[in-house]
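Scroll down for the structure; my scribbles are underneath it.
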Amino acid sequence: MSDHQATHEAFPTGAPAVVTCGLPYANGDLHIGHLRTYVGGDVYSRALESLGQQTAFVCGSDMHGTPIAVQAIEEGVDPEAFALEWHEQYAETFPKFGVEFDNYGHTHDDTNRELTYDIVERLEAEGYVYEKEIKVAWDPVDEQPLPDRYVEGTCPYCGEHARGDECDEGCGRHLEPGEIEDPVSTISGNPAEYRDRAHKFFEVSELSEYLDGFLDRLEGTSNARNQPRQWLEDGLQDWCITRDLDWGFDYPGEDDLVLYVWVDAPIEYIASTKQYTERVGADEYDWAEAWREDGEIVHVIGRDIIQHHTIFWPAMLEVADYVEPRAVLASGFMTLGGKGFSTSRNRAVWAREYLDEGFHPDLLRYYLATNGGFQQDVDFSWEKFRDRVNNELVGTVGNFIYRSLLFAHRNFEGTPEADVSEEVEARVREAIDDFEAGVNDYSVRAVGNATVELARFGNEYIQREEPWNLVGEDDEAAAQVIRDCVQIAKAVAVLFEPIAPDTSEELWDQLGEDGSVHDVTVDAALEAPPRDFGAPAELYEKIEAERVEELNEKLAARVAEATADDAGTETDESDADGEGDVSDIEPVADDRISFDEFQGLDLRVAEIVAAEPIEDSDNLVKLTVDIGLEERQIVAGIKQLHDVDDLPGTKVVVVANLEKAELFGHESNGMLLAAGEDADLLTTYGDSPVGTKIR
RNA sequence: AGCGGGAUGGGAUAGCCAGGAGAUUCCGCCGGGCUCAUAACCCGGAGAUCGGUAGUUCAAAUCUACCUCCCGCUACCA
């Protein structure tokens, strides 16, 4: 196993760097909350390159796992085709926001397969994998295994209701497959049974000491170190790395077992880097050096997947003898007008939507990158967006550039003949230092602010020196000032490239520069600009107040509609064509049922005798219901929507022959009928006695 | 409920990890100046006892304990 330095050298280092973004899971549309991570990664990798660091920026779509398998089945398509469709969409979307990966692959290809097998085999060879017979939840009716969160039941440790992979409501423990008691399928609702299955385990517990040291070395945002520390203290459990599933990579030598998605997903980071090398050649970028010798690996992720990147992933890398990550940057989440994004409720600003509104991607990049620290939760609103664009991009940066270049063009037809003043040269140096410090602090925000502050200085400077009063009076002095301003403009182009690649390129052209700003390093900020350039054009456009109102109205209307509607439309794929208004009312189901089938439902008039809220649940109420023949306990999700004390005495309609289920640890023997999101209870018009069958 | 994050003038943020002059910067607001520019900049002003309580200390926004509130993630909603 490799030995790593306890401290890291500051960027830029001589080693190749790899910047990765968390793999998007190929099953849904991207919104600007997702984009925050990708823009952050892109800015960071561009900034590294600007410092002269050799950098590969890679990512790919995560194609495997149970959710995709299940969704594909629901849509009646092949999981691979299903995932590929999303993958292609992502691959198309990212560049539209200037997020330009050196390689964007996906987990279901040969490069990843080979590397995954290679690593898994190393884990085995090093003796870190063992087989254990465990009980796997199985749906006996649908004849399918129920991995992970497709089963729920009772936590064996604390007795609370829990999800298949985690005791989310009680003790918080990670649950390995087979541990949960009283399992029930979350797909079909069928009580699950356990079957003995041999599964593979990765002995993470043996690596606690290594991981402890790793976390000491790890750089990046503090949340990425704090969270896993807790895990380590509680003691690590070995990690089951196989699943009973058809979709994914078969476990080597086991054709009825598939590798757990979180094994092959991060390996795509390596695979994608390798594909990059295969494309450009090892002279340009050597993936093997980066991953096997001395690379600087920087992972940019959302904070929900910190554990995987700071425990499982480095453990795998360590055993398989790869380079460990140098830094993990875990972004905070985004809120929209103070509340969380909700894809299922269409409470989101979609990536595509933003572009359709005609906004320049650089504006959003700037907002996402500089609004709050990276690990901070950040709020998006169109008002804030407008304020920052108008004040900072238009007022400060754009205005300075335009006034300077316009003045230079009119009076000097380009860059005046003069040397940069000491003051301005020092100020540009300071901006470069701030930029570099930002990179080494893993703060994309600081990187962006360095430039805006430089432009702000530029405005002060030009204002103070008043070149417009010098022209004709003291042309030499005027030339000096404008020369300085052009230099600052050039520095802005160079230093703002990571944040606003497109407009920086435009500015670069305006300055009469050859080539691309993308290819220069920060040193260029101090080099002389070309002598001649033409009339400048405005870089950024103001956003009018009416525009904001309009956008807010659109959003509010959509959210209201989605909220009023039954959120029962589980997921939100397809139909995102954004055309026309979707009706508030769910369409009638296509499948007609026979009268006999209806007869199979035993619906009864019942009366609520007693009701008490279930502690710790937001929504569940335990009801005692009189159905004439007997009193029954039913659990219903109506706590927030009715005053629980008013419920007793209410006549309701219940499904009497529904199979029993256990919810939140309480038995539910039947189901009461209610309408819509508001859980408007169905009751009787006349006074049919309790127990009456409904037909 | 578990976990994570947060609470600093009207809004947003920095400082807090390595405690010391009633506190950073941006936006907004009020009054005045300047005008090359999608206007920016300058001068002046109003506005915070740094979520609460208790403690450590000569000294706390900064350390400790407890509490409150907010947000997110993960859920049940048969």
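First the proteins, then the strands, lettered A, B, ... as listed; each starts at 1.
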Pairwise side-chain contact, A/Asp362 with A/Phe496, heavy-atom cut-off 4.5 Å (strictly under):
no

In whole Å, I'd like the distance from the CD1 atom of A/Ile462 to the P atom of B/C36.
11 Å

Rounded to whole angstrom, note down the C1' distance from B/G20 over to B/C63.
14 Å

Pairing residues for A/Arg410 by the salt bridge (Lys or Arg N to Asp or Glu O under 4.0 Å) criterion, not counting sequence neighbours
none

Looking at B/C36 and A/Phe407: do their rings stack (centroid distance under 5.5 Å, interplanar angle under 30°)?
no

Which salt bridge (charged side-chain N to carboxylate O under 4.0 Å, His left out) pairs, counting each pair once, include a residue from residues 382-401 of chain A, with sequence neighbours left out?
A/Asp379-A/Lys384, A/Arg388-A/Glu392

Expressed in whole Å, how much space separates the C1' atoms belonging to B/C66 and B/A12?
30 Å

ring-ring contact (aromatic ring centres under 6.0 Å, His included) involving A/Phe412 - partner list, sequence neighbours excluded
none

Sequence neighbours left out, what passes salt bridge (Lys or Arg N to Asp or Glu O under 4.0 Å) with A/Glu423? Give chain and number order.
A/Arg464

How many Å lie between CG on A/Leu406 and P on B/U35, as a whole number?
18 Å

Applying salt bridge (Lys or Arg N to Asp or Glu O under 4.0 Å), can you list everything that pairs with A/Arg403, at least two apart in sequence or on another chain?
none

Stems involving RNA chain B, each a run of at least 3 consecutive Watson-Crick or G-U pairs under 3.5 Å:
B:1-7 with B:68-74, B:10-12 with B:25-27, B:29-33 with B:41-45, B:51-55 with B:63-67

Write down the distance between CG (A/Leu405) and P (B/U38), rounded to a whole number of angstrom.
13 Å

Taking only residues two or more places apart in sequence or in another chain, which ones pass ring-ring contact (aromatic ring centres under 6.0 Å, His included) with A/Tyr367?
A/Phe380, A/Phe385

Euclidean distance, atom OH of residue A/Tyr402 to atom P of B/A37 [Å, nearest integer]:
9 Å

With C1' as the reference atom in both, quote the distance from B/A65 to B/A23 in angstrom, rounded to an integer.
26 Å

In whole angstroms, how far is the C1' atom of B/U38 from the CZ atom of A/Arg386?
13 Å

With a 4.0 Å cut-off on heavy atoms, is A/Glu460 in touch with a base, just the backbone sugar-phosphate, or nothing at all?
sugar-phosphate

Starting at atom CG of A/Asn411, determine the distance to atom C1' of B/C36, rounded to an integer number of angstrom.
9 Å

Base, sugar-phosphate or nothing for A/Leu539? Non-hydrogen atoms, less than 4.0 Å.
base

Short N/O separations, protein against nucleotides 23-31 of chain B, under 3.5 angstrom:
{"from": "B/C27", "atom 1": "O3'", "to": "A/Asn391", "atom 2": "ND2", "distance (Å)": "3.3"}

Taking B/G11 as the reference, what is the distance to B/G32 when you measure between their C1' atoms (whole Å, please)?
26 Å

In the structure I gave you, are the side-chain heavy atoms of A/Thr503 and A/Tyr540 within less than 4.5 Å of one another anywhere?
yes

So which nucleotide from B/U38, B/A37, B/C34 ends up closest to the side chain of A/Lys542?
B/U38

Work out how far the P atom of B/U24 is from that of B/G10, and round it to whole angstrom.
15 Å

Return the value, rounded to whole Å, for the distance between atom CD of A/Glu465 and atom C1' of B/C42.
14 Å

P spacing across the pair B/C76 / B/G15, given as an integer number of angstrom:
38 Å

Just checking A/Phe400: base, sugar-phosphate only, or nothing, at a heavy-atom cut-off of under 4.0 Å?
nothing

Pairwise C1' distance for B/G33 and B/A39, with rounding to whole Å:
15 Å

Here the salt bridge (charged side-chain N to carboxylate O under 4.0 Å, His left out) pairs for residues 440-455 of chain A, sequence neighbours left out, are none

Atom CG of A/Asn459 and atom P of B/U38: how far apart are they, to the nearest Å?
13 Å

Contacts of A/Asn390 and A/Arg445 projected onto RNA chain B by closest heavy atom; the upstream (5') one is A/Arg445

Pairwise distance CD1(A/Ile543) to CZ(A/Phe359) - rounded to 0.5 angstrom
5.0 Å

Residues two or more places apart in sequence or in another chain: which of them pass side-chain contact (heavy atoms from CB on, under 4.5 Å) with A/His308?
A/Trp262, A/Ile305, A/Phe312

Within residues 469-482 of chain A, residues whose heavy atoms come under 4.0 Å of RNA chain B
none

Whole-angstrom distance between B/A60 and B/G22, as gauged at atom C1':
13 Å

Among all residues two or more places apart in sequence or in another chain, which pass the side-chain contact (heavy atoms from CB on, under 4.5 Å) test with A/Thr37?
A/Val300, A/Ser331

Are any of the side-chain heavy atoms of A/Val328 and A/Ile301 separated by less than 4.5 Å?
yes

